[in-house]
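One-based numbering, in listed order, for ligands and for the atoms of each. Sequence positions, counted from 1, serve as the residue numbers for this chain.
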Amino acid sequence: MHILLLGSGGREHALAWKIAASPLVTKLWCAPGNAGIAREAECVALDVANHAAVIDFCKQNDVELVVVGPETPLAAGIVDDLAKVGIKAFGPGKEAAQLEGSKGFTKDLCAEFDIPTGAYRRFNNAADALRYVRAQGAPIVVKADGLAAGKGVVVAKTLTEAEAAIATMFDGAFGAAGAEVVIEEYLAGREISFFALCDGESAIPLASAQDHKRVFDHDEGPNTGGMGAYSPTPFVTAEVHDQIMSRIILPTVAGMKQRGMPFRGVLYAGVMLTEDGPKLFEYNVRFGDPECQVLMLRMMSDIVPAFLAACDGELKHFDLRWYAEPALTVVMAAKGYPGDYRKGTRIDGLDDAAKVEGVEIFHAGTVAKDGVILANGGRVLNICAMGKTVSEAQARAYEAIDRIKWPDGFCRRDIAWQAVEAEKAN
Ligand code: AMP
């Protein structure tokens, strides 16, 4: 098969690595890709926002399957545009992508189909939103309705913070994404990520994972796109798993079908394990980054037939196999991230780091110049490792990191601390 992967981050490097391992694949391209992806696929300088250019490329190169990594092309309807000309693409169409593209849409779906989530209201003006938060009190969560690159959510501990968030959002800080605001009940509990592969009718769960959103150790500092992840998480017990499937994932797939916008692709549920059971706080319509990296390491099955089954509505009798060993990934980011940071700084020692047993390095934001790897983004590298235990995987990842010479980079030193503590307690 000829396959085209869209995207350029660590998630896409992991997907490229897994797709390239499939015996079904004769040729893999990635647009636009990065220096690490170039080891697995031929990188092409296509503008992914230009759907006509993507379609032309697919036609010229007999591409039979397009795999879409990030949410922006999904929300822009690339899967629909490819389908119109008969090209199969893995991911939801534009209407189904609203599960990520509009928080209000998802909350309304939850209300209609009785999916457990926090109480909420939607607002299109600041005055009404302010009146509502003052009546509700803090803590409370203020969310821009649309896509805001993970920055449109403010978990306000005080009323003042909530009021400020409402003012910023309606002042246009997130452009059109903040023209509408959702105010949501604060959910206390442990946060986990749950992934399911969906074909419009049925869904099969992927392995559980947990990411680390805050930039510094001990979950301090501002939120980021994700500083590390591990899989499986000990907190998704068999019971929790079944509750999430039966009360959240399957009703969502059924609801979307009923609405005439069947969901095909990866459904990524942000779930809070509360005292009253699991509650959904958000959906994403693609693999998480960096959770995808640990899922790909743990997936034993060939991923290409799974993508095809999801596209073709044939997941019902499909089965995925996983390695039992845990996997972990540590994100190395440019100093200053998630604020301002420098690009173009030199990274050495990657080959030496990759020699540590059980270690796999995925690139998130790199370019190669004259044989040297340079940082080219905020999140730059994913140092992944597997081990017999989470503690072993963690030790291996940090051993590899200590071999990397990148004075302008940093990482958290405590990725998977919850699972490591749980292992020590047993
Ligand atoms: P999101 O950008 O939707 O992933 O939200 C960012 C973070 O805000 C999440 O990872 C959660 O930690 C937190 N969050 C979102 N919604 C809620 C909620 N209703 N209650 C508590 N925390 C929340």
Taking non-hydrogen atoms only, is Lys213 closer than 4.0 angstrom to ligand 1 via side chain, backbone, both or neither?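 Answer for Lys213: side chain.
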
What part of Leu187 sits under 4.0 Å from ligand 1 if we count only heavy atoms: the side chain, the backbone, both or neither?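 Both the backbone and the side chain of Leu187 come within reach of ligand 1.
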
Return yes or no for this condition: an N or O of Tyr186 is under 3.5 Å from an N or O of ligand 1.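 For ligand 1, there is no N or O atom that lies under 3.5 Å from one belonging to Tyr186.
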
Does any N or O of ligand 1 fall below 3.5 Å from an N or O anywhere on Glu282, backbone included?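 By distance alone, the answer is yes.
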
Check the angle between the aromatic planes of Phe195 and Tyr268 and answer parallel, tilted or perpendicular using the 30° and 60° thresholds.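 Answer is tilted, since the angle falls between 30° and 60°.
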
Under 30°, 30 to 60°, or over 60°: which ring-plane class applies to His13 and Phe362, parallel, tilted or perpendicular?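 Taking Phe362 first and then His13, their aromatic rings stand perpendicular (interplane angle over 60°).
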
I'd like to know whether the aromatic ring centres of Phe123 and Tyr132 sit less than 6.0 Å apart in this structure.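 Aromatic pair counts; centres sit under 6.0 Å.
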
Ligand 1 atoms in contact with [X] (distance to a heavy atom under 4.0 Å):
X	result
Lys143	15 (C), 16 (N)
Met272	21 (C), 22 (N)
Glu185	18 (C), 19 (N), 20 (N)
Lys103	3 (O)

Residues two or more places apart in sequence or in another chain: which of them pass side chain to side chain contact (heavy atoms under 4.5 Å, CB included) with Ala395?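 Ala395 satisfies side chain to side chain contact (heavy atoms under 4.5 Å, CB included) with no other residue.
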
Regarding atom 7 (C) of ligand 1: of the candidates Val154, Ile140, Asn223, which has the closest heavy atom?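 Minimum heavy-atom distance to atom 7 (C) of ligand 1 goes to Asn223.
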
Let's go through Asp145 and Arg122 carefully: what are the C-alpha distance in whole Å and the side-chain angles of both, what is the deciding distance for side-chain contact (heavy atoms from CB on, under 4.5 Å) to 0.1 Å, and is it a yes or a no? CA-CA 9 Å; Asp145 183 73; Arg122 302 175 74 167; 4.1 Å; yes

For the CD1 atom of Ile166 and the CG atom of Asp171, what is their distance to the nearest 0.5 Å?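 One gets 12.0 Å once the value is rounded to the nearest 0.5 Å.
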
The single option from Ile183, Leu187, Val153 passing side chain to side chain contact (heavy atoms under 4.5 Å, CB included) against Val141: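 For Val141, the side chain to side chain contact (heavy atoms under 4.5 Å, CB included) check succeeds only for Val153.
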
